[in-house]
2 protein chains.
Amino acid sequence: MNKHDQLNMIKKDFINCKKVLSAIGDETRQSILLVCMETDCQTGLRVGEITAKTHLSRPAVSHHLKVLRDAGVILMRKEGTKNFYYINVRTKLGLLKTLVSNIETFMQNYHRSNEI
Amino acid sequence: MNKHDQLNMIKKDFINCKKVLSAIGDETRQSILLVCMETDCQTGLRVGEITAKTHLSRPAVSHHLKVLRDAGVILMRKEGTKNFYYINVRTKLGLLKTLVSNIETFMQNYHRSNEI
DNA sequence: TTGAATAGTTTAACTTGACGAACCATTAGT
DNA sequence: ACTAATGGTTCGTCAAGTTAAACTATTCAA
């Protein structure tokens with residue numbers, strides 16, 4: 001693959017990652033994710049439970065969950081009126097690794113000079 | 001390493017990555033990075049050159065370069081009044097891979113159930 | 001079918017970040 | 001010292017994101 005193609009791939013990676021980057025770049029959403037991980041939430045956590053474990057209001061939690069869901073970082077399961085949120089194991093976070101790897105490869109190929 | 005330690009590591013990863021995430025999550029800064037990569041900028045690019053290759057004003061470029069620099073994504077070299085910016089090969093981007101890997105490991109250990 | 005529980009949506013205030021104009025600081029050359 | 005070139009900084013403005021209050025929608029149980 002030539003330089004031009006590599007650059008185009010990185011451009012596409014950036015587009016793919018944009019939502020994930022801004023989703024998990026936010027401190028509030030990071031704490032929501034940590035709450036999900038801390039809890040034995042194989043069954044998922046409800047909005048109310050997350051609200052109780054943070055300093056946030058329910059609408060705020062709802063908003064951030066939507067952002068995380070749009071980014072593919074978490075998934076939701078409905079049960080009656082209850083919505084259970086849980087981390088998506090086959091997560092879009094993997095895209096970040098792809099992006100970084102592609103940048104690293106590009107730099108090794110074309111910008112070795114500043115690898116002092 | 002136990003669950004608690006793993007979670008603490010991920011918390012630290014989040015803190016380490018915060019700047020990088022918001023730095024490269026921004027579309028404008030992504031395009032600045034791409035300009036740096038497109039150009040054979042082993043010697044680095046000057047602010048004026050980046051301004052010319054984008055739709056941005058010089059102060060805007062200067063601002064974004066500062067953000068990228070604070071995040072450790074790019075480096076600067078001064079030569080007289082000229083400042084040359086170039087991508088940091090030993091970049092902090094690697095931190096992102098660490099973060100994602102640690103999350104993936106954690107999920108595999110403690111949340112296998114939703115790995116359908 | 002009514003009431004309670006759960007959670008999403010809308011609205012408006014607030015906060016944060018991005019932008020460009022104007023200004024200031026530093027260096028090189030004369 | 002003076003001038004030109006380069007680029008960082010400050011400031012006011014505008015746009016985008018975040019928040020909580022109030023409201024709406026859905027489901028379950030009696």
Side-chain angles (χ1 to χ4, degrees), chain A residues 14-15 17-36 39 41 43-88, chain B residues 14-15 17-36 39 41 43-88:
Chain A
F14 270 138
I15 294 168
C17 286
K18 197 172 174 318
K19 278 190 181 180
V20 179
L21 286 168
S22 61
I24 70 169
D26 180 89
E27 212 161 337
T28 305
R29 288 189 284 269
Q30 287 176 6
S31 60
I32 290 177
L33 289 177
L34 286 169
V35 166
C36 281
T39 314
C41 69
T43 58
L45 281 174
R46 297 202 322 266
V47 175
E49 294 178 295
I50 297 171
T51 302
K53 286 172 190 274
T54 60
H55 62 290
L56 300 163
S57 69
R58 192 169 50 73
V61 172
S62 192
H63 164 70
H64 288 299
L65 288 173
K66 185 174 160 56
V67 173
L68 288 167
R69 210 145 72 92
D70 286 346
V73 179
I74 60 173
L75 297 172
M76 191 194 67
R77 187 184 74 251
K78 279 178 116 72
E79 266 182 35
T81 68
K82 296 174 182 168
N83 297 357
F84 293 89
Y85 291 89
Y86 53 100
I87 293 190
N88 182 5
Chain B
F14 270 137
I15 293 168
C17 286
K18 197 173 174 317
K19 280 189 179 180
V20 178
L21 287 167
S22 60
I24 71 170
D26 180 89
E27 214 161 335
T28 304
R29 287 189 285 268
Q30 287 175 4
S31 60
I32 289 177
L33 288 177
L34 287 168
V35 166
C36 282
T39 315
C41 69
T43 59
L45 282 174
R46 296 204 322 269
V47 175
E49 295 178 294
I50 297 172
T51 303
K53 286 173 190 273
T54 60
H55 62 289
L56 299 163
S57 69
R58 189 168 51 72
V61 172
S62 192
H63 162 71
H64 288 301
L65 288 174
K66 185 174 161 55
V67 174
L68 288 168
R69 209 146 71 92
D70 286 346
V73 178
I74 62 174
L75 296 172
M76 191 193 69
R77 186 183 74 252
K78 280 177 114 71
E79 266 182 34
T81 68
K82 296 174 182 168
N83 296 359
F84 293 90
Y85 290 89
Y86 53 99
I87 292 191
N88 183 6

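Just so we're clear, the structure is a prediction, and the values are computed from it rather than from any experiment. In what follows, chains are A, B, ... by sequence order, proteins preceding strands, each numbered from 1.
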Which whole-number value in Å describes the distance from [X] [atom1] to [N] [atom2]?
X: B:Leu65; N: C:dG17; atom1: CG; atom2: C1'; value: 16 Å
X: B:Leu68; N: C:dG17; atom1: CG; atom2: C1'; value: 15 Å
X: A:Ile74; N: C:dA7; atom1: CD1; atom2: P; value: 13 Å
X: A:Phe84; N: C:dA5; atom1: CZ; atom2: P; value: 17 Å
X: B:Arg77; N: D:dG7; atom1: CZ; atom2: C1'; value: 15 Å
X: B:Lys18; N: C:dT16; atom1: NZ; atom2: P; value: 12 Å
X: B:Lys82; N: D:dA5; atom1: NZ; atom2: P; value: 11 Å
X: B:Met76; N: D:dT6; atom1: CE; atom2: P; value: 16 Å

Would a 4.5 Å heavy-atom cut-off, applied to side chains only, mark A:Leu68 and A:Tyr85 as touching?
no

Exercise: identify the closest heavy-atom pair between [X] and [Y]:
X: A:Asp70; Y: A:Lys19; answer: O-CD, 3.7 Å
X: B:Asp26; Y: B:Thr28; answer: OD2-N, 2.9 Å
X: B:Met76; Y: B:Tyr86; answer: C-CE2, 4.1 Å

For nucleotides 18-30 of chain D, 5' to 3', base contacts (B), sugar-phosphate-only contacts (S) and non-contacts (-) with protein non-hydrogen atoms under 4.0 Å give SSBB----BBS--

Scan B:Ile32, B:Asn88, B:Leu65, B:Leu45 and name whichever one has a side-chain contact (heavy atoms from CB on, under 4.5 Å) with B:Ile74.
B:Leu65

For B:Tyr85 and D:dT6, is the shortest distance between a side-chain N/O and OP1 or OP2 below 4.0 Å?
no

Are B:Asn83 and D:dT6 close enough that a side-chain N or O sits under 4.0 Å from OP1 or OP2?
no

Please check: side-chain N/O of A:Thr39 versus main-chain N/O of A:Val35, any donor-acceptor pairing under 3.5 Å?
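Indeed, once roles are kept as given, a pair shorter than 3.5 Å links the two residues.
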
